[in-house]
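Step one of this worksheet: look at the structure below.
Order of appearance sets the numbers: ligands from 1, and atoms from 1 within every ligand.
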Amino acid sequence: MLLEKMLQSQGFGSRKHCQQLIKNGAVSIQNEIQTNPKFAIHIKPDTTLQFSVYGQNYQYREQVYIALHKPQGYECSHQATHHFSVFDLFEDVLLNRGLQCVGRLDQDTTGLLLLTDDGQFLQALTHPKKHVAKVYSMHTADPISAAQIQQLKQGVALRNETGLFAATEVQLLAECELQMTIHQGVYHQVKRMLAAVGNKVEQLHRQQVGALNLNDLAIDVGEWVYLSPEQIQLAKTRIE
Ligand code: URA
């Protein structure tokens, strides 16, 4: 791949802009400045290609897969109106690649949010027919009754949605704390399910997507990491 094209694929702007960066001596490959935009780069599978732009180091990534520990007060849209945008937490080079949220969390929901520029991965995790499991824990306004747990397991109807929405692995953690798994992802699903059984979600946290658990990523609120190939597989793993 030509150096100018490689740089463009990594989010450094138009082909012309990348050519200019290279000609200006801003780009090093494996610690050596390259001023020829047509310099041929050989990207070998299973090896990492390091480069730097104006002294900042980067690793070549064909696609990016990111796990963010989402803080409260951040919206999953690019044009956030009343809050910050989760995209404010990422560098321009990532945004230029077309980074997107894999599904959405409400602005007040915390926890595991995946982001990618891989359209197929996004589809695989969000397509309604794939039924990817998502584990949520929540704090509710009122004590959760056995009857409410039973209803959540059996499935509840949600206005303007077809079919019933049921949770699995429903566990009462404390009087007003519940953890449960859902397998669809309609708008405000968890909050609407709890409202449908006569309770109210006061705090919501996503703990897991597929078999990928936030605890195993060891990231604090507001931090993010690139996912390894194994972690990408875990996110796609089907759990019942
Ligand atoms: N369900 C909700 O109600 N909100 C979220 O953020 C995620 C799932």
Which of the atoms in ligand 1, numbered in the order shown and given with their element, are less than 4.0 Å from a heavy-atom of [X]?
{"X": "Thr109", "answer": "4 (N), 5 (C), 6 (O)"}
{"X": "Tyr136", "answer": "7 (C), 8 (C)"}
{"X": "His188", "answer": "1 (N), 2 (C), 3 (O)"}

* **Closest approach of any protein heavy atom to atom 1 (N) of ligand 1, naming residue and atom** =>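 Result: Val190 N, 3.1 Å.
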* Closest non-hydrogen atom pair between Gln56 and Glu91, with its separation ->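 So the minimum-distance heavy-atom pair works out to NE2-OE1, 3.5 Å.
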* Asked: How does Ile182 reach ligand 1, if at all, at less than 4.0 Å between non-hydrogen atoms: by side chain, backbone, both, or neither?
  ->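 No part of Ile182 comes within reach of ligand 1.
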* To do: Select one of side chain, backbone, both or neither to describe which atoms of Asp106 lie under 4.0 Å from any atom of ligand 1, heavy atoms only.
  =>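 Both backbone and side chain.
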Would you give me the side-chain donor-acceptor pairs under 3.5 Å for residues 167-175, sequence neighbours excluded?
residue, atom, partner, partner atom, Å
Thr168, OG1, His183, NE2, 2.9

* Within 45° of the axis and under 6.0 Å from the centre of the six-membered ring of Tyr226, does NZ or CZ of Arg61 qualify? ->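 Cation-pi check for Arg61 and Tyr226: passes.
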* Asked: Is the shortest heavy-atom distance from the side chain of Thr35 to the side chain of Ile33 under 4.5 Å?
  ->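 Counting from C-beta outward, Thr35 and Ile33 do come under 4.5 Å.
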* Going by side-chain heavy atoms closer than 4.5 Å, which hydrophobic residues are tied to Phe39, directly or by a chain of links? ->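 Its cluster mates, by chain and number, are Met1, Leu3, Met6, Leu7, Phe12, Leu21, Ile22, Val27, Ile29, Ile41, Ile43, Leu49, Phe51, Val53, Tyr54, Tyr58, Tyr60, Val93.
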* To do: Output yes when Asp108 and Lys191 qualify as a salt bridge under the 4.0 Å nitrogen-oxygen rule, no when they do not.
  =>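 Yes, this pair counts.
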* Asked: Taking distance alone, with no angle check, do Leu105 and ligand 1 share an N/O pair under 3.5 Å?
  ->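 For ligand 1, there is no N or O atom that lies under 3.5 Å from one belonging to Leu105.
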